[in-house]
Number of protein chains: 2
Amino acid sequence: MKYDRQDVIEKATNLFWEKGFHATSMRNLQEVIDMRPGSIYACFGCKDGLFKETLRYYADKGRSNLQTCVETTATPLDALKLFIHNAVLGNPDAPNSMCMLVKSISELTENDNPELLDESKQLLRGIENAFTDLLTQAVERGELDASKDPRRLARFLQMQLMGLRAYAQANKGTVSVEEMLDDMFSCLH
Amino acid sequence: MKYDRQDVIEKATNLFWEKGFHATSMRNLQEVIDMRPGSIYACFGCKDGLFKETLRYYADKGRSNLQTCVETTATPLDALKLFIHNAVLGNPDAPNSMCMLVKSISELTENDNPELLDESKQLLRGIENAFTDLLTQAVERGELDASKDPRRLARFLQMQLMGLRAYAQANKGTVSVEEMLDDMFSCLH
DNA sequence: GTAATAAATGAACAGTCGTTCAAAATGAGC
DNA sequence: GCTCATTTTGAACGACTGTTCATTTATTAC
């Protein structure tokens, strides 16, 4: 009976997301995804390979979340607001309020894990590009002042999203993230 | 000949800051601080103990940097601006553009390292409190509108600082941090 | 210079790490 | 039911982990 690859990757993603790359041992993974080492290595090559796959899965889920936001809101800006709101407060039982890609960039080094680090950076850039597209639409529709630069705005939004998720992690349960979201969007205009 | 404790802690801080807690082995530390295991354990107890000491050293350095900014600028708001500018761009050969405390909060878990995690959170809160004090002064002096809430502003600033440093790490060399700093301060008013 | 005290050493420990691979279990085709 | 190919297993490997402690080296006091 072959393993359900999707299911395995999702479980691995949650574990890596929670504990980080270095603190997650192959034995931890073996328990969580219920596979023996031989099978894991036959499927994914090595720990790095499995981790890279989880990074892509995580980023894909992010992109599809954003797409859902676009489809369920009236304007590009509303879609962005909803996406960011969901990213920080959306599912309370997420392994971590921090972005998994940011966590990875935080713990990986150019010397020790250049491939995984570059992959994380690239995936993060992909999400920022999706922000840029939406902000461009917002300007075209007149939802945003035409003087605004969508790329610069996307960069700023990405930075604040990274910050807010990290801040929420650092102050779990003691702070009103809603209030901070208001502050964040009120300085878009 | 007793070791220079200050020097040892500084070297350990830089290594932990660069590689993170988990990826830094005691043998890495032994090389960098040029001490044999027995001496390290006699001085600091265990790896956690040494790490905690470096966290405090790092936060202390941050606080004294802020104090220097206060002393070399005309107004509280200028001091804050200078501090944040320096934190992100100040010393280009810092081990990491991310905040060491944020990196630590990112990689540590309540389950595995509760003490180190709490210490990091607490130190970060200390810095935010210093922000609050300065912003309170700014309101008192009329540098900021009296309608602004210093605590809320400090929270917002802290979040953005965390975000900006993480963003700078994720986009090393490809982005104008100066521009982003402008955006960041222009939405204070 | 010698004895007593303090500091530094590094080989060694038990445990865990990522990874391998011969053997066992399973599935497919007839 | 038998055969062949695929998949899964888990004991085992060498390397590395954080840590200890008997021994050596350095410092102090007389």
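Order of the sequence lines sets the chain letters (A, B, ...), proteins ahead of strands, with each chain counted from 1. Everything numeric here is computed off the predicted structure, so don't read it as measured data.
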A:Arg27 CZ to D:dC13 P, straight-line distance once rounded to whole Å: 13 Å
Separation of D:dT17 P from B:Phe51 CZ (nearest whole Å): 17 Å
Using whole Å, what does the distance between atom C1' of nucleotide C:dA8 and atom CD of B:Gln30 come to? 13 Å
Just how far, in rounded Å, is C1' of C:dA7 from OH of B:Tyr3? 9 Å
Provide, to the nearest angstrom, the distance between the CG atom belonging to B:Asn113 and the P atom belonging to D:dG18. 12 Å
Just checking, any donor-acceptor pair under 3.5 angstrom between side chains of A:Asp133 and A:Thr136? no
For side chain to side chain donor-acceptor pair (under 3.5 Å), just list the numbers for A:Gln160 and B:Tyr167, CA-CA rounded to whole Å, side-chain angles, deciding distance to a tenth of an Å, and then say yes or no. CA-CA 9 Å; A:Gln160 291 200 114; B:Tyr167 190 92; over 6 Å; no
From CG of B:Asn28 across to P of D:dC16 the rounded distance in Å is 11 Å
With a 4.0 Å cut-off, would you call A:Arg63 and A:Asp60 a salt bridge? yes
Is NZ or CZ of A:Lys103 both nearer than 6.0 Å to the six-membered ring centre of A:Phe16 and within 45° of the ring axis? no
Under a single-linkage definition using a 4.5 Å side-chain heavy-atom cutoff for Ile, Leu, Val, Met, Phe, Trp and Tyr, are A:Phe44 and A:Tyr41 assigned to the same hydrophobic cluster? yes
Taking B:Asp7 first and then B:Lys11, would you say they form a salt bridge - that is, a charged N and a carboxylate O separated by under 4.0 Å? yes
Thinking salt bridges, do B:Glu53 and B:Arg5 make one under a 4.0 Å N-O criterion? yes
Nearest-Å distance, CE (B:Met26) to C1' (C:dG10)? 14 Å
Counting only non-hydrogen atoms, which of residues 32-41 of chain A are less than 4.0 Å from DNA chain D? A:Arg36, A:Pro37, A:Gly38, A:Ser39
Which of residues 5-22 of chain B sit near DNA chain D, with a heavy atom under 4.0 Å from it? none
Taking a hydrophobic cluster as the set of Ile, Leu, Val, Met, Phe, Trp and Tyr residues connected by side-chain heavy atoms closer than 4.5 Å, whether directly or through intermediates, do B:Leu82 and B:Leu153 fall within one such cluster? no
Does A:Glu119 pair with A:Arg56 as a salt bridge, N-O distance under 4.0 Å? yes
Would you please confirm or rule out a distance under 4.0 Å between OP1 or OP2 of C:dT16 and any side-chain N or O of A:Ser25? no
